[in-house]
Student: 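This is the structure I have questions about; it appears just below.
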Amino acid sequence: MTGALFDRIAAGGGGTEAVAVFAGSEHSRRLVLLRAVVARAEEWGGAPGADARRAWSVLSAARHISPAVVRDLLCYPATGLGLLHSLRALDGPRPTPASAPPLTSLTALSAAAAVRTGLARTVALPVSAEGVLLPSLGLARFRGVRDGETALVRGGPDAAVEVDGRRVDVPARHWEDGAEWLAVRRVAVMGDGEPLLLDDLDPYAFPSARRAPRLTEHQYAHWRMTIRQGLRLLGSEHPETAAEVEGGLRTLVPLRSPGPAGASCSSAEAFGCLALSQPSSAASVALAFTHETQHNKLSALLHLFDFFQADDSAARYYAPWRGDPRPLSGLLQGTYAFLGVAQYWNRCLRAANGPDEAHAAELELARWRQAVHTGVQQLTDSHAFTPTGRRFVVGMRAALRELSVRKLPSTVVAQADDLAAEHRRRWVEANGAVPGTPEWAG
C-alpha cells in the first residue's frame, strides 16, 4: 500500500484501489487461517487430523479446476468466522480423543468447493437441525433426520446431498429455492458483476444473537427492491462510496429490527459482510452501506498495520453516538465511520432537491461533524498510537477540517448543539461522568 493510498483511506475514501488492496490482504489472511486450522488439527491427530487432511485434499483438487472459485469461497465472509470457530475449538484442552472438536466448518467449505467447481468428490457432513449447509450455496433439508446423521455431499455434474437413500439435488441455479433446497439468495448484481448475496442460513454468516430467521418470499422481495434502489442512489450521488461498496460487499445478513430507526453492524473477521435490519428506504440502505463500508475498510487496514503501541485497554472514552464508555479502538472505529457519515450528508446537501431536503442534510451534517470533532480530539490527545496510527488520525482530522469549511445556518448549528447536549446528558445519567472530566472515576 502506498502512503498516498493510506492517506486517502484515512481521509474517509480510497475507492476501488483501496478495496482491491483489502481484497488481496484479506485473501492472504484467510489462507493463513486455513493453514493454521489444518496444522492444529494435524497436531491433534485422530479424527480432527483425518478430517483436516481430507478437506485440504478436496480444496487443493478444486483449486486446480478453478482457482477463482476457491478464492471466492475462502473470501466468503462466513468462512472467516467458521474457521476462527474451528481454530479456537482446537486451541482448547484435549484430554481424550473422544473430546476432539468436529471440523464441520472446514469440511463444509471443502464440500461447497467440490459442488461449485464440479469436482467429482464425495464429502461426509453431519446433519444439523434437519439440514446440511453448503457455505455460499444453500441448505439441503432432510425433515425428520436426527442431528449427527451422516450426509454425503457429492460434487460433479449432478451435485446432490444424500442421507440414507434420500437425495436433494443442488439446483444449477443454486441461488434459487428448489425441492427441499433453501438457497443463499441473490439481492443484486454489483458493479463488478459479482452477486450480492443475502445469507439468512449460515450460522457463521455473522456473530450476532440478533440475526433474523429465514426471510419469507414477501420479505425477500422487499429487501431485493430496496437494496437495488439504495445501490442506484449511491451510484448516482456518492460514486466513490458506490465503487467501494460494489467492489467489496459480498453478503448481507438480516437482523431483527430493534425499532423504527433500524440497525446495521459489521465484523472485523467478516470482511465484505454487512448485517442490517429490514431496510425502510433506498436512503436508509445508502446510509447503512456508507457507514459499514467505513468499518470494513478500517478493520482490514488494522489487519495490515499496528495502530496501537501502548496498553490502553483499561481506558474508556466518550463517543457521542453510543450510550456506553468505549475503548480507544472502539472510539477510533466509530469516529472513522461517522466521518464517512458526515461526508455522506455533505454530498446530500450539495444534491438536495428543495428546502426540506437541504434542512435535513444540514442538520445531519452539523450533528455528525460535531460528533466526529469530539472523537478526533480525544484520539489526538491519546499517547497510545504508533506513528502509523497517529498518521491515520491526522488524516481524519484534515478531512474534518474540509467538512468544517461549509457554513451552516446558525439555527441548524444550535439544533445540532442541543442534540449533542441531550446525548451527553443521558450518557452522564447512565455512566456517572464523561471520561476526561474531573468527575470521571473510571
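Values reported hereafter were calculated over all heavy atoms of this structure, with side chains retained and with hydrogens, waters and symmetry mates removed. Quick note: residue numbers are just sequence positions, from 1.
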Student: Is any NZ, NE, NH1 or NH2 atom of the basic residue among Asp324 and Arg316 found under 4.0 Å from an Asp or Glu carboxylate oxygen of the other?
Tutor: no
Student: Heavy atoms, side chains only, cut-off 4.5 Å: are Phe338 and Pro320 in contact?
Tutor: no
Student: Would you indicate whether the side-chain heavy atoms of Leu81 and Pro207 approach each other to under 4.5 Å?
Tutor: yes
Student: Is any side-chain heavy atom of Leu231 closer than 4.5 Å to one of Phe289?
Tutor: yes
Student: Is the shortest side-chain heavy-atom distance between Phe206 and Leu274 below 4.5 Å?
Tutor: no
Student: Using a cut-off of 6.0 Å, state whether more than 12 heavy atoms not belonging to His174 lie near its atom NE2.
Tutor: yes
Student: Quick one: pull up CZ in Arg29 and CG in Leu74 and give me the separation to the nearest 0.5 Å.
Tutor: 13.5 Å
Student: Would the distance check show the side chain of Gln309 and the main-chain N or O of Phe385 forming a donor-acceptor pair, the cut-off being under 3.5 Å?
Tutor: yes
Student: Test salt bridge (Lys or Arg N to Asp or Glu O under 4.0 Å) on Glu364 and Arg367; report intermediate values, then the result.
Tutor: CA-CA 5 Å; Glu364 295 288 350; Arg367 173 74 178 95; over 6 Å; no
Student: If you count every heavy atom of other residues, nucleotides or ligands that lies below 6.0 Å from Arg390 atom CZ, does the total exceed 12?
Tutor: yes
Student: With heavy-atom distances below 4.5 Å as the criterion, would you say the side chains of Asn346 and Glu402 are in contact?
Tutor: no
Student: Could you tell me whether Asp417 atom CG has more than 12 heavy atoms of other residues or ligands within 6.0 Å of it?
Tutor: yes
Student: Is there a donor-acceptor pair under 3.5 Å between the side chain of Ser110 and the backbone N or O of Thr107?
Tutor: yes
Student: Going by heavy atoms in the side chains, are Leu408 and Leu349 under 4.5 Å from each other?
Tutor: yes
Student: Going through the checks in order, is the salt bridge (Lys or Arg N to Asp or Glu O under 4.0 Å) test met by Arg40 and Glu43?
Tutor: CA-CA 5 Å; Arg40 194 76 178 96; Glu43 290 177 9; 2.8 Å; yes
Student: Is it true that Arg425 and Glu422 make a salt bridge, defined as a side-chain N closer than 4.0 Å to a carboxylate O?
Tutor: yes
Student: Could you tell me the separation between the CG atom of Leu215 and the CG atom of Leu201, rounded to the nearest 0.5 Å?
Tutor: 9.5 Å
Student: Is a donor on one side and an acceptor on the other found under 3.5 Å between the side chain of Trp44 and the backbone of Leu90?
Tutor: yes
Student: Go through the side-chain N and O atoms of Ser86 and Ser105 and say whether any donor and acceptor fall under 3.5 Å apart.
Tutor: yes
Student: Has Tyr220 got a side-chain atom pairing as donor or acceptor with Arg186's backbone, closer than 3.5 angstrom?
Tutor: yes
Student: Is the number of heavy atoms from other residues, nucleotides or ligands under 6.0 Å of Asp381 CG greater than 12?
Tutor: yes
Student: Checking Gln343 side chain against Ala11 main chain: does a donor-acceptor pair fall under 3.5 Å?
Tutor: yes
Student: Aromatic contact between Tyr336 and Phe392, with the criterion being ring centroids under 6.0 Å apart: yes or no?
Tutor: yes
Student: Establish, for the pair Arg35 and Trp56, whether the NZ or CZ atom is under 6.0 angstrom from the six-membered ring centre and no further than 45 degrees off its axis.
Tutor: yes
Student: Taking the side chain from Ser28 and the backbone from Gly24, do they hold a donor-acceptor pair closer than 3.5 Å?
Tutor: yes
Student: How far apart are the closest heavy atoms of Ser266 and His295, and which atoms are they?
Tutor: OG-CB, 3.2 Å
Student: Would you say Leu233 and Val285 make side-chain contact, with heavy atoms under 4.5 Å?
Tutor: no
Student: Kindly confirm or rule out a cation-pi arrangement of Arg347 over Tyr344, judged by NZ or CZ under 6.0 Å from the six-membered ring centre and within 45° of its axis?
Tutor: no
Student: Is it true that a side-chain atom of Ser284 and a backbone atom of Pro279 form a donor plus acceptor pair closer than 3.5 Å?
Tutor: no
Student: Return the minimal non-hydrogen interatomic distance between Leu59 and Ala113, and the atom names on each side.
Tutor: CD2-CB, 3.8 Å
Student: In terms of side-chain heavy atoms, does Gln229 have a donor or acceptor partner in Ser281 at a distance below 3.5 Å?
Tutor: no
Student: Tell me whether Arg88 at atom CZ has more than 12 heavy atoms from other residues, nucleotides or ligands lying less than 6.0 Å away.
Tutor: no
Student: For the side chain of Asp147 and the backbone of Ala129, is there at least one donor-acceptor N/O pair under 3.5 Å apart?
Tutor: yes
Student: Between Asp51 and Arg54, is the salt bridge (Lys or Arg N to Asp or Glu O under 4.0 Å) condition met? List the steps.
Tutor: CA-CA 5 Å; Asp51 289 346; Arg54 281 192 292 267; 2.5 Å; yes
Student: How long is the gap from OG on Ser264 to NE2 on His291, to the nearest 0.5 Å?
Tutor: 5.5 Å
Student: What's the separation between atom CZ in Arg397 and atom NE2 in His373, rounded to the nearest 0.5 Å?
Tutor: 10.0 Å
Student: Would you say Asn296 and Glu292 are linked by a side-chain donor-acceptor pair, where the criterion is simply a distance under 3.5 Å?
Tutor: no
Student: Can a side-chain donor-acceptor contact be found between Ser136 and Arg116 if the only test is distance below 3.5 angstrom?
Tutor: yes
Student: Flag the pair Arg250 / Leu197 as yes when at least one side-chain heavy-atom distance between them is below 4.5 Å, and no otherwise.
Tutor: no
Student: Under 3.5 Å, is there a donor-acceptor pair linking the side chains of Tyr76 and Asp202?
Tutor: no
Student: Assess, by modelled atom type and distance only, whether the side chains of Thr79 and Arg30 contain a donor and an acceptor separated by less than 3.5 Å.
Tutor: no
Student: For the side chain of Arg211 and the backbone of Pro203, is there at least one donor-acceptor N/O pair under 3.5 Å apart?
Tutor: yes
Student: Between Thr293 and Glu244, is there a side-chain donor-acceptor contact under 3.5 Å, judged purely by atom types and distance?
Tutor: no
Student: From Arg424 CZ over to Asn431 CG, what is the distance, rounded to the nearest 0.5 angstrom?
Tutor: 12.0 Å
Student: Where the side chain of Gln219 meets the backbone of Thr216, is there a donor-acceptor pair that is under 3.5 Å apart?
Tutor: yes
Student: In Å, rounded to the nearest 0.5 Å, how long is the span from CG of Leu106 to CG of Leu34?
Tutor: 6.5 Å
Student: Checking side-chain hydrogen bond (donor to acceptor under 3.5 Å, both in side chains) between Tyr318 and each of His423, Gln378, Arg326, which is the one that passes?
Tutor: His423
